[in-house]
> 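After the C-alpha cells below, expect a handful of questions from me.
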Amino acid sequence: MTHRLSYVMGDVFIFDIDGCIMPNIFPLIKESKTDGGHISQEIVKKASDISLFPEFIEFYKQNCAQCQAVYFITGRKRKYYGKITESQLEPLKIYKDYIIKHFPDNKPHILKEYFHWKAKNIKDIMNQWSQDSVRFHIFDDLIDLFPIISKEILPIVKNFNCQLIQEKDDWIHIMNMEL
C-alpha cells in the first residue's frame with residue numbers, strides 16, 4: 001500500500017537518473033567503449049532498452065504531479081545520451097513535465113568535477129525560486145554528493161532535504177514516509 005507524501009504546491013524535486021530512478025547505464029558503457037572512447041551503436045541500443053523503476057514512476061505520479069517543478073540532473077552527456085534520456089523519461093510527462101540538465105559534452109567524467117558541477121546546478125535551480133515558499137527535495141544514489149550540496153547551498157537555502165536512493169525498493173520506503 002502506498003501513501004501520498006505531504007508535499008505542497010511549493011515543492012521542487014531534483015532527481016539523479018542513473019542508479020537512482022533507473023538502473024545505472026554507466027557500467028554497461030564503461031565496459032564497451034572503443035579505443036577512441038566512442039560508444040558503439042549496440043551499447044546505445046542496450047542503454048535505450050533500460051527503463052525507469054516502476055516504483056519511481058508510482059512515486060512520481062503520486063508526489064510530483066502537483067509540485068512547482070521537476071529537474072533531472074545527470075552525468076549523461078547530451079551528445080551521446082540526449083535522445084535516449086528523453087525517451088526513457090517520456091512516460092513521466094503525462095504526470096508532470098520536467099527539465100533535464102546533462103553533464104557538459106566537453107568535460108571529462110572526473111567524480112570530483114561531476115560533484116561540483118551537480119552541486120552548482122542544484123544551487124542555480126534553488127536560486128530561481130523564492131526561498132520562503134519552496135521546499136527542495138533532492139534524490140541521488142551517491143551519498144558523497146550530499147555534503148558538497150550542503151556546503152554549496154547553506155546558509156542560503158534552509159528548506160531542503162537529500163534522500164539517498166540506491167535501489168528500486170528505496171522508492172517504496174520513501175513513499176511510506178514523510179519527508
Side-chain angles (χ1 to χ4, degrees), residues 1-7 11-33 39 43 46-64 67 69-77 80-81 84-92 95-96 98-103 107 109-123 125-126 135-154 157 159-179:
M1 181 177 177
T2 59
H3 303 283
R4 186 183 181 315
L5 297 176
S6 60
Y7 296 118
D11 291 314
V12 172
F13 289 87
I14 303 169
F15 299 101
D16 178 45
I17 295 178
D18 293 290
C20 185
I21 66 167
M22 65 187 307
N24 190 345
I25 66 169
F26 288 109
L28 172 71
I29 292 161
K30 192 175 192 176
E31 293 174 10
S32 61
K33 280 191 178 175
I39 298 160
I43 296 309
K46 284 182 181 178
S48 64
D49 289 341
I50 297 172
S51 59
L52 299 168
F53 293 137
E55 296 82 356
F56 170 72
I57 295 172
E58 186 62 28
F59 172 89
Y60 194 90
K61 180 171 88 173
Q62 291 182 24
N63 297 289
C64 296
C67 72
V70 176
Y71 298 87
F72 291 95
I73 303 178
T74 180
R76 297 176 179 197
K77 295 183 177 189
Y80 294 124
Y81 309 108
I84 292 170
T85 304
E86 288 173 22
S87 175
Q88 289 169 322
L89 296 178
E90 184 69 27
L92 302 175
Y95 306 111
K96 178 75 174 180
Y98 47 79
I99 296 169
I100 305 169
K101 297 198 176 268
H102 292 272
F103 192 69
K107 283 192 171 203
H109 264 113
I110 298 169
L111 196 57
K112 185 177 178 180
E113 285 186 35
Y114 169 68
F115 281 170
H116 287 286
W117 169 83
K118 196 171 211 179
K120 181 190 176 305
N121 273 274
I122 290 170
K123 181 179 178 181
I125 289 167
M126 291 176 165
R135 284 187 303 183
F136 299 95
H137 306 279
I138 304 162
F139 297 87
D140 206 291
D141 65 318
L142 299 173
I143 197 165
D144 293 340
L145 175 65
F146 296 153
I148 297 168
I149 291 170
S150 293
K151 182 180 176 186
E152 185 73 27
I153 63 176
L154 284 176
V157 177
N159 204 357
F160 75 96
N161 64 61
C162 296
Q163 291 291 322
L164 182 66
I165 303 287
Q166 294 185 310
E167 56 187 55
K168 66 181 185 172
D169 289 344
D170 290 342
W171 290 109
I172 296 169
H173 175 72
I174 293 293
M175 282 193 291
N176 290 321
M177 63 180 266
E178 230 177 280
L179 297 179

> Output yes when a side-chain donor or acceptor of Glu152 lies under 3.5 Å from a complementary backbone atom of His116, and no otherwise.
no
> If we only count heavy atoms from C-beta on, is the Asp170 to Glu167 side-chain gap below 4.5 Å?
yes
> Hey, what do you get for CZ (Phe115) to CG (Leu145), rounding to the nearest 0.5 Å?
5.5 Å
> Donor-acceptor check, side chain of His109 to backbone of Gly75, threshold 3.5 angstrom: yes or no?
yes
> So which atom in Ser51 and which in Pro23 form the shortest heavy-atom distance, rounded to 0.1 Å?
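So the minimum-distance heavy-atom pair works out to O-CD, 3.5 Å.
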> Do Ile21 and Phe139 come close enough that some side-chain heavy atom pair is under 4.5 Å?
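Sidechains of Phe139 and Ile21: no contact.
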> Rounded to the nearest 0.5 Å, what separates atom NZ in Lys107 from atom CD in Glu113?
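Taking NZ in Lys107 and CD in Glu113, the distance rounds to 5.5 Å.
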> Using a 4.5 Å cut-off on heavy atoms from C-beta on, say whether the side chain of Ile122 contacts that of Phe136.
no
> Answer yes or no: are there more than 12 heavy-atom neighbours, outside Lys120 itself, under 6.0 Å from its atom NZ?
no
> With a 6.0 Å cut-off on the ring centroids, do His102 and Tyr81 count as close?
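Between His102 and Tyr81, the centre distance exceeds or equals 6.0 Å.
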> Take the angle between the ring planes of Phe15 and Phe59 and call it parallel below 30°, perpendicular above 60°, tilted in between.
perpendicular
> What do you reckon, is NZ of Lys168 surrounded by more than 12 foreign heavy atoms closer than 6.0 Å?
no
> Flag the pair His137 / Asn63 as yes when at least one side-chain heavy-atom distance between them is below 4.5 Å, and no otherwise.
no
> CD of Gln166 to CG of Asn24: how many Å apart, nearest 0.5 Å?
11.0 Å
> I need the minimum non-hydrogen distance between Gln88 and Ile50, along with the two atoms involved.
NE2-O, 2.7 Å
> Do Ile14 and Lys101 have side chains that approach each other closer than 4.5 Å (heavy atoms only, starting at C-beta)?
no
> Checking the side chain of Asp140 only, and the main-chain atoms of Asp16 only, is there a donor and an acceptor separated by less than 3.5 Å?
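No, the answer is negative, given that no donor and acceptor are paired below the 3.5 Å cut-off.
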> For atom CD1 of Ile143, is the number of surrounding heavy atoms from other residues, nucleotides or ligands below 6.0 Å larger than 12?
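Open.
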> Measuring from Ile172:CD1 to Glu58:CD, what's the distance to the nearest 0.5 Å?
10.0 Å
> When rounded to the nearest 0.5 angstrom, what distance separates CG in Leu92 from OH in Tyr98?
6.0 Å
> Does the side chain of Cys20 reach to within under 4.5 Å of the side chain of Phe56, using non-hydrogen atoms?
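A side-chain contact under 4.5 Å is absent here.
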> Can you check whether Ile17 reaches Arg76 side chain to side chain, under 4.5 Å on heavy atoms?
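Yes, side chains in contact.
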> Please indicate whether Lys61 has more than 12 foreign heavy atoms, meaning atoms of other residues, nucleotides or ligands, lying under 6.0 Å from its NZ.
no
> Take Met126 and Ile138 through the side-chain contact (heavy atoms from CB on, under 4.5 Å) test and state the conclusion after the steps.
CA-CA 11 Å; Met126 291 176 165; Ile138 304 162; 3.8 Å; yes
> Do Ile73 and Trp117 make a side-chain contact, defined as non-hydrogen atoms from C-beta onward lying under 4.5 Å apart?
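Yes. Closest side-chain heavy atoms under 4.5 Å.
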> Given 3.5 Å as the limit, does a donor-acceptor pair link the side chain of Lys96 with the main chain of Cys67, or not?
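Checked: pair present.
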> How many angstroms lie between CG in Leu142 and CD1 in Ile165, if you round to the nearest 0.5 Å?
12.5 Å
